[in-house]
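Start at 1 and go down the list; that is how both ligands and their atoms are numbered.
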Amino acid sequence: MNTLPTHIEWIGPADGGHLRLLDQTKLPGQVTYLDCRSVQDVWDAIKRLSVRGAPAIGIAAAYSCVIAHNEGDFEKLTAHLATSRPTAVNLFWAIERMKRVPPEVRTPEKLLAEAMAIHEEDRAMCQAIGEHALPLLQEACGESGGVLTHCNAGALATGGIGTATAAMYLAQQRGLKWSIYADETRPLLQGARLTAWELSRAGIDVTLICDDMAATVMRRGKVQAVITGADRIAANGDAANKIGTYNLAVLARHHGIPFYVAAPTSTFDRSIPDGSHIPIEQRDGSEIAQLPGVKTFNPAFDVTPRELITAIITEQGVE
Ligand code: MRU
């Protein structure tokens, strides 16, 4: 059951309306909203991770294209929007799809209908991903095993019940008693702040761990499967996701635990042959530094090679 407040919503008419976003930087302490009336407002929201998670970024970008049209410079503003974050391919995918509304019929109403279609399709894709993931996780976990996830590939990151979390929501609906382990996900704590929040609100049994406890959790037999989302998947199946995902895949292989990636097909970038071509966002060192002036290295994502991934689960099935 999805008990979240609406986190991405178009308010008002197509011409003159705006995009309302739940500000995820304030969770779990405060449920506050951002009213984005310009493309720059959405750019800022994406950049600072008020809206984040690959599919949610794509949905927000799609609505932002309506604003770009209403602001009067569709081409320039959508090009600017595409500079907000580099790794999640859903951002570029959504903008490209919105641009396919032909210029001669590009009215606010047509653009809003397309953005709403992207939003609704994402909801359906999450459901389908969950249906495909459930039997795989059930095979590993049975009625009451443990599943480890990283970052937040949940409802907050999508238009539906999440990608990595979709099977967790379905398992709960169907009476399975899985224990979910959520990595805190340094440095911005998407696991501790967002995954723990949304799963516990839904009544799912969730246990928070620090990222460096994953090996111990595996060694102690507490988890039988790992599942994460992805921000971009190359043609050969190498998958970029939140920094630390690759660590988990290595650990899972060592412990003989299946490692699954769940993502909609809009996360695939078949134009690049392998993960070495995925642009990795480098974020400001102030997110991790405790000592002023200390040198930092702060990549937001890493790439898990396909050979460490047991299966990639999309809305179309398992590959
Ligand atoms: O930096 P974030 O919070 O946008 O990173 C999000 C992730 O890494 C998610 O796992 C990924 O986008 C998939 S969301 C369904």
Ligand-side contact atoms (ligand 1) for residue partner T163, heavy atom cut-off under 4.0 Å = 15 (C)
Atom 11 (C) of ligand 1 has as its nearest protein heavy atom D231 OD1, 3.1 Å
Answer side chain, backbone, both or neither: which part of T158 comes under 4.0 Å from ligand 1, heavy atoms only.
-> side chain
For atom 12 (O) of ligand 1, closest protein heavy-atom neighbour = A54 N, 2.8 Å
What atoms of ligand 1 come closer than 4.0 angstrom to any heavy atom of K242?
-> 1 (O), 2 (P), 5 (O), 8 (O)
I309-L148 co-clustered via ILVMFWY side chain contacts under 4.5 Å | yes
Proximity flag A300 to ligand 1, non-hydrogen atoms under 4.0 Å = no
Under 4.0 Å from one or more heavy atoms of Q190, ligand 1 contributes atoms 1 (O), 2 (P), 3 (O)
Would R48 and E287 pass as an ion pair if we require N to O under 4.0 Å?
-> no
Identify, by atom number and element, the atoms of ligand 1 in contact range of R85, meaning under 4.0 Å from any of its heavy atoms.
-> 1 (O), 2 (P), 4 (O)
Heavy-atom side-chain contact between H255 and V226 under 4.5 Å = no
Salt-bridged, R232 to E281, with N to O below 4.0 Å?
-> no
If you measure every N/O of G229 against every N/O of ligand 1, is any gap under 3.5 Å?
-> no
Checking K47 side chain against R85 main chain: does a donor-acceptor pair fall under 3.5 Å?
-> no
Test side-chain hydrogen bond (donor to acceptor under 3.5 Å, both in side chains), reference N152, set T185, T195, T158, T165, output is T195
Taking the side chain as every heavy atom from C-beta outward, state whether R52 and L188 have any atom pair closer than 4.5 Å.
-> no
Does an N or O from H150, backbone or side chain, lie closer than 3.5 Å to an N or O of ligand 1?
-> no
Does D238 pair with R306 as a salt bridge, N-O distance under 4.0 Å?
-> no
Here the atoms of ligand 1 under 4.0 Å from any heavy atom belonging to N241 are 7 (C), 8 (O), 9 (C), 10 (O), 11 (C)
Parallel, tilted or perpendicular for Y63 and H119, by the 30°/60° rule?
-> perpendicular
Which atoms of ligand 1 sit under 4.0 Å from any heavy atom of P55?
-> 14 (S), 15 (C)
Check ligand 1 against A157 and write out every atom of the ligand that is under 4.0 Å from a heavy-atom position of the residue.
-> 14 (S), 15 (C)
For G53, is at least one N or O under 3.5 Å away from an N or O on ligand 1?
-> yes
Answer with side chain, backbone, both or neither: which part of A153 has a heavy atom less than 4.0 angstrom from an atom of ligand 1?
-> both
Look at atom 13 (C) of ligand 1 and say which protein heavy atom is nearest, naming residue and atom and giving the distance to 0.1 Å.
-> A230 O, 3.4 Å
W197 ring centre to R201 NZ or CZ under 6.0 Å, with the angle to the axis within 45°?
-> yes
